[in-house]
Amino acid sequence: MKSRTTIWTALILCALWPAPALLWGQAPSYIFHNGKILTVDNNFSTAQAVAVTGNQITAVGTDAAVLPLAGNSTVKVDLKGRTMIPGLIDTHRHMYSYAEGAYGRLLDPNQRRRYPLNWNAVRTKSDLLNQIRGLIERYRLPNGTWMYFTGGPGTLERTKILYDELTADDLHTVSPNHPIAMGLGIPDFNGFMVNKYALDLLMSKHGAFIRKYGRFWINSAGEPDGHLEPPASRLVTPFTYDRKPEDLAVMYKPDLEEMNSMGITTVASRLPQDTRAAYEWLRARNSLTVRIGQGVIEAFGNIDDPMRGLADYKAKVGAGDDTIWVTGVGPTAIDGSTTRACTDQKRVGGAYGMLDSWFPVGQCHTDIEYRGSPKRAGPISGNYYREWIYASAEHGIRFANVHVAGDRAVGNMLNFVEEIQRTKGPQATKGWALDHCDMVNPKDFPRIAKTGLIMSCYIRIDLDDMAQSYGEQIAHTFHAPVASMLKAGGKVVMETDRNSYIWEDMETFVTRKDENTGKVWGPQERVDHPTILKMNTSWAAEYVLKPDKLGSIEKGKLADLVVLDKDFLTIPSEQISDLQPMLTMMDGKVVFVHTDFARENNFRPGGSLVSTYQDLKARRPPALTSAETAGGG
């Protein structure tokens, strides 16, 4: 009896205790072999084979070591010398707004809750008002329903109509029964125009907050005229993101498939609650094939006192699971971009100057003296952004997923972080990140390294506008200065910040070449192939708060894997954009197989999509115009 008990105990322990290369006694689900496995571990080592059991990597090594682990049900995939890399992590991609732009025509305006204005037909304020009246009559929404009119003026003449002529009272004449929010031709998180109905609602509930923190424009009588900048404009945001998840999912699913076809398995993205609900709706139906690190949108501007109100958000950062979790609770943006970027540089001309009349120094939200457009800025007594930043440090809430475009905006954040670290220690800002690197002053490189801030950088090497506006030297030294920040000891990761083929952006970081003109901008900022891969994998995993689970091909990590058609390390730099993922695995499931790879290997796992990026992109309906999409993201 005793020996039988001992035998059963031993069998149970063997079943439950993970063998060195197995997960809970199971044979691998997949073994990929005969490949060049770029693990992107600390040593950037290479291997031949990888075993995946369930959703984890359970062995990495030589073919001789890994292949014998196969069981009767193990699927063995011969890579035939192809390169395998970890799944790509895009640290700033407005996934939901890109999906709505690409696939928005699959829904009608009522489903999108976006009502497009045709600014090409506008010559006078009356033209604009008549168009709004017509849309209200056409859609006949119940009285009291918010309506969000999208699109931007596009030209200086039309901008003057929207910025200088139109008022909340004007809109009241055509929309007395609906609160209205209009885009200002800039991202919605940086500005709204509202009618009297909406303004009265906001002032009745948040009047003290708006008068203290602003930012609002005033008329000749000193009263708010309907133009709102943040934080006041953020009070509108919850009313414009109230759409049905099943409607949004129609647009989001094909966008997820496009990302998988690029090899993207994780995205950091600011998400409003209706959008998160749509991705959760897809997850409940086993259709969410990209991990999402969410930056919370609605909190900023909707908490009257950050020092008290933010306390409840400490537990939210990192909360969730390995599919959707919170990566930060930030202000979304602390300045504008191009003509609205907060900069110390003097413009000498160029396209960046179109809105100079309203934003001569940019939208410098962290400047205590910035009250909004100086032409008609209302009086305020507090700076909500500064209070939010210091309250975040006080409560241990991560600052991330935040647009920081101009060099002055970067410098202001460094000032805040340095002061916080002096008084509270480096742990108070651990993991904080600034997104974009649009303009970074070289004098700040050592400060970035010393503070430990993570810099998430996009790249735009069509820099003629920047050169015309600020001079050639600024264009060569300020934009995405990745190599210099790394040399100074900084932490840098890569983002796309656009709906692009991610390999094109990776190539540009390596070549710094304008594909249209062939001109190289900032050649000293080029990075090599291993570095750009780290920026999109192991280093990016730190940004999304999952360095122990994502970003490298190592035993025990989650099985997010990509097989490429060519050797990433040896391919000429100018051909990186031509790379084609042959297979993408997310969480141990093959979610995408390239048509050629499927045909070559007779490999079509259940639940996977067999296609190509080019074919998936070609299926898009005609894109929505800028007038039909929101300016946010």
Test ring-ring contact (aromatic ring centres under 6.0 Å, His included) applied to His227 and Phe192, Trp217, Trp358, the passing residue: Trp217
For Tyr385 and Ala333 the tightest heavy-atom approach is CE2-O, 3.2 Å
Residue set satisfying side chain to side chain contact (heavy atoms under 4.5 Å, CB included) with Thr508, at least two apart, ordered chain then number -> Ile459, Ile461
Closest non-hydrogen atoms of Cys437 and Pro481, given as atom of the first, atom of the second and distance, are O-CD, 4.3 Å
Which pair of non-hydrogen atoms, one from Ile303 and one from Gly309, has the smallest distance, and what is that distance? CG2-CA, 3.5 Å
From Phe300, Phe416, Tyr313, Phe399, residue fulfilling ring-ring contact (aromatic ring centres under 6.0 Å, His included) relative to Trp388: Phe300
Give me each pair satisfying salt bridge (charged side-chain N to carboxylate O under 4.0 Å, His left out) with a member in residues 384-401, each pair once, sequence neighbours excluded. Glu394-Lys424
Cation-pi between Arg114 and Tyr241: NZ/CZ under 6.0 Å from ring centre and within 45° of the ring axis? yes
Pro622 backbone acceptor or donor facing Arg105 side chain under 3.5 Å: yes
Mind jotting down which residue pairs meet the salt bridge (charged side-chain N to carboxylate O under 4.0 Å, His left out) criterion with at least one end in residues 231-248? Sequence neighbours excluded, please. Glu100-Arg243, Arg113-Asp242, Arg243-Asp274
Using 0.5 Å steps for rounding, measure from the CD atom of Glu495 to the CG atom of Asp90. 7.5 Å
Can a donor-acceptor pair be found between the side chains of His94 and Asp497 at a distance below 3.5 Å? yes
Judged by modelled atom types alone, do Asp108 and Tyr139 share a side-chain donor-acceptor pair under 3.5 Å? no
Examine the side chains of Thr496 and Arg93 and answer whether a donor and an acceptor come within less than 3.5 Å of each other. yes
Arg215 versus His365, side-chain donor and acceptor atoms under 3.5 Å: yes
Donor-acceptor pair, Tyr197 side chain versus Ser175 backbone, under 3.5 Å? no
Do the rings of His436 and Tyr458 sit parallel, tilted or perpendicular, given the 30° and 60° boundaries? tilted
Show the numbers, then the answer: is there a side chain to side chain contact (heavy atoms under 4.5 Å, CB included) between Gln294 and Trp325? CA-CA 6 Å; Gln294 178 199 9; Trp325 66 99; over 6 Å; no
